Amino acid sequence: ETAMPSKNKKMSTRQMTIIALMTAVTCILGPGHTAAVQPVPISFTNLAIYFSIFVLGTYSATVSYLVYLLIGMVGLPVFSGFAGGFGKMAGPTGGYLVGFIFMALIAGFFVDRFQGKRVLQAAGMVLGTVVAYLFELHGSAFSQSVLGAGLAAGVIPYVPGDLIKIAAALAVGPVLRKAVEEQRKITDTEKRQCDADTVFFLQFGKESVAPYITKGFGRRRPFPGKGA
């Protein structure tokens, strides 16, 4: 069982809250480190997406990233290098911003489909990251007019760091997912108990509390002006 709802089910308020929370986490991690590798700054956006997949599941994690993408496109400085605006999509990091959508879908499929199988989950995350590299390679090569230069500038410097992020996500992600699922089970149990109490009161409460109400208030007093 995953933390995400089915596409055919209505998204709960709790799920929307967690999506908003993970979007905020992505906004915090997205700008990355101030020590940038030119022309593409170091960013932890993909790490935030990995965590979102474990916490939310594929569908909701992708929604969370799309919300982050919209926030950055309207101008808030949440993209790498503390930048924002639609023009960022046409810059050196534009390929990653688009490619991360497909990375979330591919990695999320493997994480949800092969729960507990770390090797297969890692393979899916690597595959999703490679797809993001292809989008970035296309953007970097286009901006620099040389395929080799795009590969050297926009992909190769980030491979070791991305492998470390995948390892970190595989170590921490399952713990986060388990915590979220346990909390959800507790919440669902409390909700069912509350619903049961409500039904019981509606069915039997009136008869059960009526004698106490009568005893507490006693007999009705006559209105002034009427006989005792």
Side-chain angles (χ1 to χ4, degrees), residues 16-58 60-108 111 125-126 128-144 149-173 175-176 180:
M16 288 188 289
T17 301
I18 301 177
I19 288 175
L21 175 62
M22 295 311 299
T23 300
V25 171
T26 309
C27 289
I28 294 172
L29 296 179
H33 198 275
T34 54
V37 178
Q38 296 299 329
V40 182
I42 297 174
S43 173
F44 296 98
T45 306
N46 51 349
L47 179 61
I49 294 173
Y50 297 147
F51 286 151
S52 296
I53 291 170
F54 280 100
V55 173
L56 295 168
T58 306
S60 295
T62 305
V63 171
S64 176
Y65 176 72
L66 289 174
V67 173
Y68 160 80
L69 201 60
L70 291 174
I71 291 174
M73 289 173 64
V74 299
L76 295 181
V78 296
F79 291 153
S80 60
F82 294 92
F86 189 81
K88 190 74 172 176
M89 303 292 292
T93 60
Y96 278 129
L97 292 174
V98 176
F100 283 160
I101 300 174
F102 299 93
M103 185 191 77
L105 293 171
I106 296 171
V111 169
M125 297 168 76
V126 169
T129 302
V130 169
V131 172
Y133 286 160
L134 294 177
F135 277 90
E136 174 57 23
L137 181 60
H138 178 271
S140 297
F142 178 78
S143 63
Q144 298 195 24
L151 184 65
V155 174
I156 293 177
Y158 306 97
V159 173
D162 287 341
L163 292 176
I164 293 175
K165 294 173 190 176
I166 290 174
L170 288 171
V172 179
V175 179
L176 294 176
V180 170

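In this text, all values refer to a predicted model and were calculated from it rather than measured experimentally.
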Pair up each side-chain donor or acceptor in residues 165-172 with any protein partner under 3.5 Å, not counting sequence neighbours, and list the distances.
unit_1	atom_1	unit_2	atom_2	d
Lys165	NZ	Ser43	O	2.5
Lys165	NZ	Asn46	OD1	3.2
Lys165	NZ	Asp162	OD1	3.4

Which donor-acceptor pairs under 3.5 Å do side chains of residues 20-31 form with protein atoms, sequence neighbours excluded?
unit_1	atom_1	unit_2	atom_2	d
Thr23	OG1	Ile19	O	2.8
Thr23	OG1	Ser64	O	3.2
Thr23	OG1	Ser64	OG	2.9
Thr26	OG1	Met22	O	2.8

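In this structure, the separation between OG1 on Thr62 and CD1 on Ile106 is 10.5 Å, given to the nearest 0.5 Å. Between atom CE of residue Met103 and atom CE of residue Met125 there is a gap of 8.0 Å, rounded to the nearest 0.5 Å. Distance CG/Leu56 to CZ/Phe51: 13.0 Å, rounded to 0.5 Å.
Residues passing the ring pair (Phe, Tyr, Trp, His ring centres under 6.0 Å) test with Phe86: none are found, sequence neighbours excluded. In this structure Tyr50 satisfies the ring pair (Phe, Tyr, Trp, His ring centres under 6.0 Å) test with no other residue, sequence neighbours excluded. In this structure Tyr68 satisfies the ring pair (Phe, Tyr, Trp, His ring centres under 6.0 Å) test together with Tyr65, Phe79, sequence neighbours excluded.
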Note to self: Quick one, Leu66 with Ile101, criterion side-chain contact (heavy atoms from CB on, under 4.5 Å). Give me CA distance, side-chain angles, the key distance, then yes/no.
What the structure shows: CA-CA 7 Å; Leu66 289 174; Ile101 300 174; 3.8 Å; yes
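Between Thr45 and Phe100, some side-chain heavy-atom pair lies under the 4.5 Å cut-off. Between Leu70 and Val74, every side-chain heavy-atom pair lies at or beyond the 4.5 Å cut-off.
In terms of heavy-atom proximity, Gly72 sits nearest to Val78 at CA-CG2, 3.5 Å. Nearest heavy-atom pair, Ile53 versus Ala107, reported as atom, atom and distance to 0.1 Å: CD1-CB, 3.8 Å.
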